[in-house]
Protein chains: 2
Amino acid sequence: MRAKDGAKRAPTESDVAKLAGVSQSAVSRAFTPGASVAESTRDKILKAARELGYHPNMMARTLATNRSNIVALAISYLENPFYAQVVRELSEKLRETGRHILLFATSPDGKADPALEDVLSYKVDALILTATTASHELAVQCQATGVPIVQINRESKLPGISTVRGPNELASSEIAEFLFAGQHKRYAFIGGTVESGTSKVRENAFVGRLRELGVEDVLVAHGDYTFEGAATVTRRLLTLDQPPDAIFCASDYMAFATLDVAKREFNLKVPDDLSVIGFDNVPAASRFAWDLTTYSQPAGALVDAAIDIIDSMIARPGRRAQRREVSGELILRGSAKRPKNRS
Amino acid sequence: MRAKDGAKRAPTESDVAKLAGVSQSAVSRAFTPGASVAESTRDKILKAARELGYHPNMMARTLATNRSNIVALAISYLENPFYAQVVRELSEKLRETGRHILLFATSPDGKADPALEDVLSYKVDALILTATTASHELAVQCQATGVPIVQINRESKLPGISTVRGPNELASSEIAEFLFAGQHKRYAFIGGTVESGTSKVRENAFVGRLRELGVEDVLVAHGDYTFEGAATVTRRLLTLDQPPDAIFCASDYMAFATLDVAKREFNLKVPDDLSVIGFDNVPAASRFAWDLTTYSQPAGALVDAAIDIIDSMIARPGRRAQRREVSGELILRGSAKRPKNRS
DNA sequence: TCGATTATTGCATACGTATGCAAAAAGTCC
DNA sequence: GGACTTTTTGCATACGTATGCAATAATCGA
């Protein structure tokens, strides 16, 4: 347990205290905002600390205060640029309050649960689940320990878990109307995974609205939120006897795959032969190569809401779960036919 | 410091010990691989632990052992899919050995240093720097504390810091040869930031090889590793009196911007009017929309090497810095003219 | 200048786990 | 069965910081 090898032990509060000629508690207080320390001694302490290159030991601090300033983030689809954006936003905004992200990135296929149990070991201040395959049981388990949990873009039947989501129903039904107004003949929906609640919600709203408009059978397929998965189901859809000429994909990322397959492998003209609409409005969607019509879902707003919920749950632990929805809008670009009577 | 509010205190080893009728040390040993515990008592303890829902407290464990099982990762360009891939790979591979990532994602413009000082507070087992604007001074400072540091894809004059890199020189000179063989008239290089060592190395190798081949003046611009930055300099290059007809971008991500601007804003035919070559071979490069000729730099191999170095530095703290290079290859696609005499 | 109030400081202990050491228990060998 | 080796266990303490409490120093009011 003694200092090892060459690496000299990092200086502690006691070291600083000795140098500054005060007690260890005084040093602790000097680094605790709002603690009772004389200005003069604080200066003395800070000077000594600087001299020694002292940095507080967060692990020890966490042990004593039970607050780690760490937020765990579970995420499966990092290759989807939308979630890369979410991570980025989250990281920057948490840093503003001195917090950091403990990342649990998992491949879409692997189950995330085992690793997530570790979360509890790190005494994280909160847990954010997004685009993850983690089970609901796990969420319940974490919640039982009192750790605030927020799901971003995840539907859940669990009443106790806070959720931040995009405008799933509104967007999907607007997209249904837009495509319908574009006089398409056959509609398809490419969802994420079969288990995904968010995907199901979008599917229901899309199919439901079309049905209201008189369209009875809408093709439904699942691209598992991956590029390859979406490419595969697109191939299948486009080789049907009656292939769709309007496809709504549950994410931009999958829509890119659909566009790619349609253009490259089926030589389809977009949007003349096929209209494709995505969801998220990731930066790449606006690029010429894709020029994807989509529905925006601002990552920044989702993240703001999530952090807000976390903060309120930390402030008032008893607080019941909250659900928030951020709004977006249909972004018109070139991948979907525009109705004649609309601009 | 007592248990707060409603949230019941998490069970500790002492709680488990009491229930199992053993000492706290016994419980600790039951959870320490290789420790001396009788099979029977271990079973008894694990049973009690399960019953209580006990999870070891990593913060306390870290305090006692000085190993956190946390690896800090500083990264600025998360929106670049190549680095998203790096993060993903890193996360999965570290998890195999029970480690996790503490993420420091920073926007390319903001300086990362202040946040990075926090790294030291968390007693991370290692620090990985990649695609970050963190200063060299900072790296030195971290290194002084004895934390193993590995840079991925970052050139550094500092002798003490380990580095894992792609085949910068070889790739750049091969690309120079390939473009030269394609009978281009005017060559340009779009690098990352001016400060980036990696970018400079690629520039030198590219420009140097071309010079050897008799091409004297090569245009050099900087896209700052961002999409918008690359788009801007591409615009500038293409409006020159003698615009380039061959551009080598220091990353696929920037190459996408170049392609976008060239096709959309300048109506250029690729590769007839303009050849574009990237670097990284991210998944999107192979997609029809881009079809980018590029040089592969396998994220998985970079990550493997980085972890390997970290492990060896942890095992032998005195070990001197290592430098590794992973290899890649030129990936021929449609964005660059192919020489007549080559397949 | 003195008593009362307030601000500052140090002492002692807690947070949860790991581990050296010695005691106890269990095997081993003849 | 006894002496000896090996395994298992508990005790005590360490890791670095935070904080309640009491002691001390500083400040204030008249």
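Letters go in sequence order (proteins before strands), and every chain restarts at 1.
- Salt-bridge formation is detected for the pair A:Arg99/A:Asp311: a Lys NZ or Arg NE/NH1/NH2 atom is positioned less than 4.0 Å from an Asp or Glu carboxylate oxygen.
- The side chain of B:Ala64 lies closest to C:dG16, out of D:dA18, D:dG20, C:dG16.
- Comparing D:dC11, D:dT17, D:dG20 by their nearest atom to the side chain of A:Tyr54 picks out D:dT17.
- Computed from coordinates, the A:Asn66 CG to C:dC15 C1' distance equals 8 Å when rounded to whole Å.
- Between the C1' atom of D:dA18 and the CG atom of A:Asn57 lies a distance of 13 Å, rounded to the nearest Å.
- Checked by distance alone, A:Ser25 brings a side-chain donor or acceptor within 3.5 Å of a matching partner on the base of C:dC11.
- B:Val27 comes within 4.0 angstrom of nothing in the nucleic acid, heavy atoms only.
- Between the CD1 atom of A:Ile152 and the OG1 atom of A:Thr163 there is a distance of 10.0 Å, given to the nearest 0.5 Å.
- The aromatic rings of B:His100 and A:Phe104 sit tilted relative to each other, their planes meeting at an angle between 30° and 60°.
- Residue A:Thr62 is out of contact with every strand shown, counting any heavy-atom pair closer than 4.0 Å.
- Taking only side-chain nitrogens and oxygens, B:Ser28 comes nearer than 4.0 Å to OP1 or OP2 of C:dA18.
- Each of B:Val37 and B:Ala60 has a nearest nucleotide on DNA chain D; the 5'-most of these lies closest to B:Val37.
- Contact between the side-chain N/O atoms of B:Tyr122 and the OP1/OP2 oxygens of D:dG16 is not found at any separation under 4.0 Å.
- In this structure, B:Thr41 reaches the D:dT9 phosphate: one of its side-chain N or O atoms is under 4.0 Å from OP1 or OP2.
- Ring geometry, B:Tyr77 versus B:Tyr83: the interplanar angle falls from 30° to 60°, so the pair is classed tilted.
- The distance between atom CD of A:Glu13 and atom P of C:dG10, rounded to the nearest whole Å, is 13 Å.
- Counting heavy atoms of neighbouring residues, nucleotides and ligands inside a 6.0 Å radius, atom NZ of A:Lys18 does not exceed 12 of them.
- Remark: C1' of D:dT13 and CG of B:Leu63 are 13 Å apart, rounded to the nearest angstrom.
- Between the CZ atom of B:Arg42 and the P atom of D:dT7 there is a distance of 15 Å, given to the nearest Å.
- Between the side chain of B:Ser23 and the base of D:dC11, no donor-acceptor pair under 3.5 Å is found.
- Of the candidate nucleotides C:dT17, D:dG16, D:dT9, C:dT17 has the atom lying nearest to any side-chain atom of B:Gln24.
- Rounded to an integer number of Å, the gap from A:Met59 CE to D:dA18 C1' is 17 Å.
- Atom CG in A:Asn69 sits about 11 Å away from atom P in D:dA18, given to the nearest Å.
- A:Arg61 has its CZ atom 13 Å from the C1' atom of D:dT19, to the nearest Å.
- A close approach under 4.0 Å does not occur between any side-chain nitrogen or oxygen of A:Thr12 and OP1 or OP2 of D:dG16.
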